Amino acid sequence: TLNLTVVDNIQTTVDAAICDNESFTFGGQSLTVAGTYVDTLASTAGCDSIVTLNLTVNPTFNETVDVEICEGESFAFGGQIYTASTTVSETFQSASGCDSVVTLNLIVNPVASTAISAEICDNETFAFGGQQLSVAGTYTDTLQTAAGCDSIVTLNLTVNPTFNETVDVEICEGESFAFGGQIYTASTT
């Protein structure tokens, strides 16, 4: 009498995910590439036990962010507040659970400050900051640098007086008088 029992092969599917800088050990191999892998083992009954691995490799990200701010401003990154030029990296976790490294290059552009002096005569004007100035004093105008930061220009304006003088000169007939590059021999104004 024969009692024959047929034992089914065992088939198992395993889904696994790793990050692209990691490896997964399967069937005696260290796997780093996404794909479908098969390994055949022996079950306790001596039959094949087939394991299919669906391996997903999730990317990690390395990003660099360049940021420019003006002197006197601040920038928040990774829970810190920065006010000076610096390069700093922070590791965050992506949606798939893999590390993502973000590097911040922070540049702090200076606020420019320039002082100029100018002189005019009291019958003239000086154009500054969209105005025509005729009174002595200190004036400021705020412009923008090429980097978008304040550029403060301070003008010290001096107004020099002009003079109107009348000079009466008498000469004798036959004499001459030099004035303004000319020689005069007759009465004139």
Side-chain angles (χ1 to χ4, degrees), residues 1-116 127-131 138-156:
T1 301
L2 172 64
N3 292 324
L4 179 63
T5 305
V6 177
V7 178
D8 292 334
N9 289 334
I10 301 172
Q11 293 194 2
T12 306
T13 300
V14 176
D15 294 320
I18 60 172
C19 297
D20 68 3
N21 58 350
E22 298 174 339
S23 64
F24 188 86
T25 302
F26 179 74
Q29 303 176 64
S30 184
L31 305 174
T32 59
V33 178
T36 301
Y37 300 89
V38 178
D39 192 17
T40 303
L41 308 170
S43 69
T44 55
C47 298
D48 286 347
S49 175
I50 301 170
V51 179
T52 302
L53 169 66
N54 295 316
L55 182 63
T56 302
V57 178
N58 293 314
T60 58
F61 299 97
N62 289 310
E63 299 288 329
T64 299
V65 178
D66 296 321
V67 175
E68 291 187 37
I69 62 173
C70 297
E71 185 179 354
E73 296 178 345
S74 62
F75 188 79
F77 178 73
Q80 298 289 333
I81 303 292
Y82 296 96
T83 58
S85 294
T86 189
T87 297
V88 63
S89 295
E90 282 287 327
T91 302
F92 300 98
Q93 204 170 63
S94 69
S96 62
C98 297
D99 286 347
S100 294
V101 178
V102 179
T103 300
L104 169 69
N105 292 324
L106 180 65
I107 297 170
V108 178
N109 293 310
V111 171
S113 181
T114 305
I116 59 173
F128 181 75
Q131 304 176 62
T138 302
Y139 302 89
T140 59
D141 191 17
T142 303
L143 307 171
Q144 267 195 351
T145 65
C149 299
D150 284 348
S151 175
I152 301 169
V153 180
T154 302
L155 168 67
N156 293 313

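We're numbering straight along the sequence, starting at 1. Because the structure is a prediction, the values reported are computed rather than measured.
Taken to the nearest 0.5 Å, the CD atom of Q11 stands 6.5 Å off from the OG1 atom of T52. We find the CD-OG distance between E90 and S100 to be 12.5 Å, quoted to the nearest 0.5 Å. The distance from the CD1 atom of I116 to the CZ atom of F128 is 5.5 Å, given to the nearest 0.5 Å. In this structure, OG on S96 lies 4.0 Å from CG on N58, to the nearest 0.5 angstrom. The CZ atom of F24 sits 10.5 Å away from atom OG of S30, with the distance rounded to the nearest 0.5 Å. Rounding to the nearest 0.5 Å gives a distance of 11.0 Å between CG of N21 and OG1 of T32.
Counting heavy atoms from C-beta on, the side chains of L55 and F26 never come closer than 4.5 Å. Side-chain contact between V14 and V51: present, with at least one pair of heavy atoms (C-beta onward) separated by less than 4.5 Å. Looking only at side-chain heavy atoms (C-beta outward), N109 and T145 stay at 4.5 Å or farther from each other. Between F75 and I81, the closest side-chain pair of non-hydrogen atoms is not below 4.5 Å. Looking at V33 and L31, their side chains never come closer than 4.5 Å, going by heavy atoms from C-beta outward. Looking at heavy atoms from C-beta onward, V38 lies in side-chain contact with I50 at the 4.5 angstrom threshold.
Sorted by first and then second residue, the pairs that involve residues 53-85 and meet disulfide (SG to SG under 2.5 Å), not counting sequence neighbours, are C70-C149.
Using bins of under 30°, 30° to 60° and over 60° for the plane-to-plane angle, the ring pair F77/F92 lands in the perpendicular bin.
Scanning both residues, S89 and T103, for their nearest heavy atoms gives OG-OG1, 2.8 Å. The heavy-atom pair separating S74 from T83 by the smallest distance is CB-CG2, 3.8 Å. Between D39 and G27, the shortest heavy-atom distance links the atoms OD2-CA, 3.2 Å.
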Next on the checklist: For V88 and Y82: C-alpha separation, side-chain torsions, deciding distance, then whether side-chain contact (heavy atoms from CB on, under 4.5 Å) applies.
Outcome noted: CA-CA 10 Å; V88 63; Y82 296 96; 3.7 Å; yes

Checklist entry - Which is it for V65 and L106 under the side-chain contact (heavy atoms from CB on, under 4.5 Å) test, yes or no, and what are the steps along the way? => result CA-CA 8 Å; V65 178; L106 180 65; over 6 Å; no

Checklist entry - Are N105 and T87 close enough, and set up right, to give a side chain to side chain donor-acceptor pair (under 3.5 Å), and what steps lead you there? => result CA-CA 5 Å; N105 292 324; T87 297; 3.1 Å; yes

Next on the checklist: side-chain contact (heavy atoms from CB on, under 4.5 Å), that's the test. Do V102 and L104 meet it? Break it down for me.
Outcome noted: CA-CA 7 Å; V102 179; L104 169 69; 5.8 Å; no

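For the pair E68 (side chain) and I107 (backbone), a donor-acceptor distance under 3.5 Å is absent. A distance-only check finds a donor-acceptor pair linking the side chain of S85 to the backbone of V108 [under 3.5 Å].
Side chains of D20 and T60: a donor-acceptor N/O pair is present below 3.5 angstrom, by distance only. Between the side chains of N156 and T138, at least one donor N or O sits under 3.5 Å from an acceptor N or O.
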